[in-house]
Amino acid sequence: MASPRSFVWTRWIFLAVLTVFVLVPIYVMISSSLKPLQDVSGEFRWIPSGLTVRPYFDIWETVPLAKYFVNSLIVAGAATVFSVIVAVFAAYGVSRYRFRGKRVFTVTVLSTQMFPGILFLLPLFLIYVNIGNATGIALFGSRGGLILTYLTFSLPFSIWMLIGYFESVPRELDEAATVDGCGPLGALFRVVVPAATPGIVAVGVYSFMTAWGEVLFASVMTNDTTRTLSIGLQSYATQNDVYWNQVMAASLVVSVPVVAGFLLLQRYLVAGLTAGSVK
């Protein structure tokens with residue numbers, strides 16, 4: 001049965017408005033990044049009078065963007081790897097075994113997502129400082145402390161989503177692996193993990209995006225040496241001027257890893273989120 005004409009027109013109008021809403025900011029960013037500073041600082045023009053790629057070279061000299069880029073890659077990459085590893089083991093244990101307090105554990109894990117991150121900022125700061133004073137382990141102002149912080153935020157949701165995905169994997173596969181001589185770990189890595197690849201990829205993408213663009217904790221838990229990209233972009237604003245063309249160029253550059261990863265892993269991400277959302 002064909003859809004009513006009014007519904008078709010309404011859908012096309014809604015999609016057109018949504019497309020304009022999404023593409024206009026991207027066009028403004030791209031066009032502003034290709035303008036000289038005096039053109040960006042003046043009245044905005046939809047059609048630039050002159051184009052230059054100089055801002056894409058200046059962004060690496062105005063601030064140490066390469067150092068911030070490396071810091072973000074290390075922090076986000078390590079947080080993603082640890083989050084995936086811990087979430088796989090935790091979700092497998094919850095989905096395959098019965099133990100006392102199982103429901104309380106899952107509810108507690110999910111309930112941690114109800115609280116805003118700013119509530120944990122001061123307690124984590126005090127904990128890291130006291131640990132550093134007592135043991136000499138520098139968590140505050142270090143990459144390790146920031147990785148641990150991001151791990152605590154991405155891990156609860158990762159565990160919860162993988163629990164739902166692992167429960168969708170038939171238990172008969174585990175039993176077949178056991179008959180073939182595999183133990184619990186063998187069944188996990190040889191059967192369950194390959195079958196749950198979309199869900200694991202979705203967890204990895206979520207963890208990476210959470211760490212890559214985080215601002216609040218990175219602004220407090222880092223220093224000049226360990227500063228990440230989300231905080232480093234603020235360095236383009238000085239007391240005398242704001243390099244808007246370089247800000248736009250740097251914003252586009254730092255978005256490349258996330259956008260490229262999302263496009264490459266899109267089919268895994270959609271499948272993982274869909275399967276992990278139902279039980």
Side-chain angles (χ1 to χ4, degrees), residues 16-81 141-143 146-147 150 154 201 204-269:
V17 172
L18 182 62
T19 301
V20 172
F21 182 78
V22 172
L23 293 182
V24 167
I26 298 177
Y27 171 78
V28 172
M29 289 182 63
I30 296 175
S31 62
S32 299
S33 67
L34 296 173
K35 294 179 181 179
L37 182 59
Q38 58 271 19
D39 292 351
V40 182
S41 302
E43 182 180 356
F44 178 77
R45 296 181 179 179
W46 289 100
I47 301 178
S49 57
L51 298 178
T52 177
V53 296
R54 187 64 190 175
Y56 286 91
F57 296 94
D58 293 338
I59 58 176
W60 307 98
E61 300 175 0
T62 303
V63 302
L65 189 65
K67 181 175 69 174
Y68 301 153
F69 207 98
V70 172
N71 289 336
S72 291
L73 282 178
I74 294 175
V75 171
T80 300
V81 171
S142 66
R143 293 171 180 169
L146 200 59
I147 291 171
Y150 292 158
S154 62
V201 171
V205 172
Y206 165 78
S207 301
F208 187 86
M209 293 178 63
T210 300
W212 185 262
E214 201 278 330
V215 175
L216 177 62
F217 286 85
S219 62
V220 177
M221 299 294 185
T222 59
N223 50 34
D224 294 338
T225 304
T226 59
R227 188 171 296 166
T228 58
L229 282 171
S230 57
I231 305 303
L233 292 178
Q234 301 176 6
S235 302
Y236 291 104
T238 63
Q239 294 181 352
N240 301 323
D241 205 349
V242 179
Y243 300 97
W244 288 112
N245 54 348
Q246 296 186 37
V247 171
M248 298 300 177
S251 299
L252 290 172
V253 169
V254 302
S255 301
V256 169
V258 176
V259 175
F262 180 82
L263 293 177
L264 291 174
L265 303 173
Q266 182 179 10
R267 64 189 184 96
Y268 294 104
L269 181 63

Side chain to side chain donor-acceptor pair (under 3.5 Å) with T52: which residues, sequence neighbours excluded? none

Ignoring hydrogens, what is the shortest heavy-atom contact between K35 and P55? Give both atom names and the distance. O-CG, 3.9 Å

If the condition is side-chain contact (heavy atoms from CB on, under 4.5 Å), which residues does S72 pass it with, not counting sequence neighbours? W212, T228, L229

Would you list the pairs meeting salt bridge (Lys or Arg N to Asp or Glu O under 4.0 Å) in which at least one residue belongs to residues 58-67, sequence neighbours left out? R54-D58

The criterion is salt bridge (charged side-chain N to carboxylate O under 4.0 Å, His left out); which residues satisfy it with R143, sequence neighbours excluded? none

At what distance, to the nearest 0.5 angstrom, does CG of L73 lie from OH of Y68? 15.0 Å

Polar contact flag, side-chain donor to acceptor under 3.5 angstrom, S33-Y56: yes

What's the spacing between I74 CD1 and F69 CZ if we round to 0.5 Å? 12.0 Å

To the nearest 0.5 Å, how far apart are OG1 in T80 and CE in M209? 11.0 Å

Provide the closest heavy-atom pair for N245 versus S32 in the form atom of the first, atom of the second, distance. CB-O, 3.4 Å

Kindly give the heavy-atom pair with the smallest separation between V242 and A237, and that separation in Å. CG2-CB, 4.0 Å

Heavy atoms from other residues, nucleotides or ligands near OH of Y27 exceed 12 (cutoff 6.0 Å): yes

For S235 versus V63, what's the shortest heavy-atom pair and its separation? CB-CG1, 3.3 Å

Got a donor-acceptor contact below 3.5 angstrom from the S219 side chain to the L216 backbone? yes

Taken in chain and number order and not counting sequence neighbours, the residues that satisfy ring pair (Phe, Tyr, Trp, His ring centres under 6.0 Å) with F217 are F153

Shortest non-hydrogen contact from Q246 toward I59: O-CG2, 3.4 Å

Tell me the ring pair (Phe, Tyr, Trp, His ring centres under 6.0 Å) pairs involving residues 224-254, sequence neighbours left out? none

Quick check: closest heavy atoms across Y150 and A218, and the distance to 0.1 Å? OH-CB, 3.5 Å

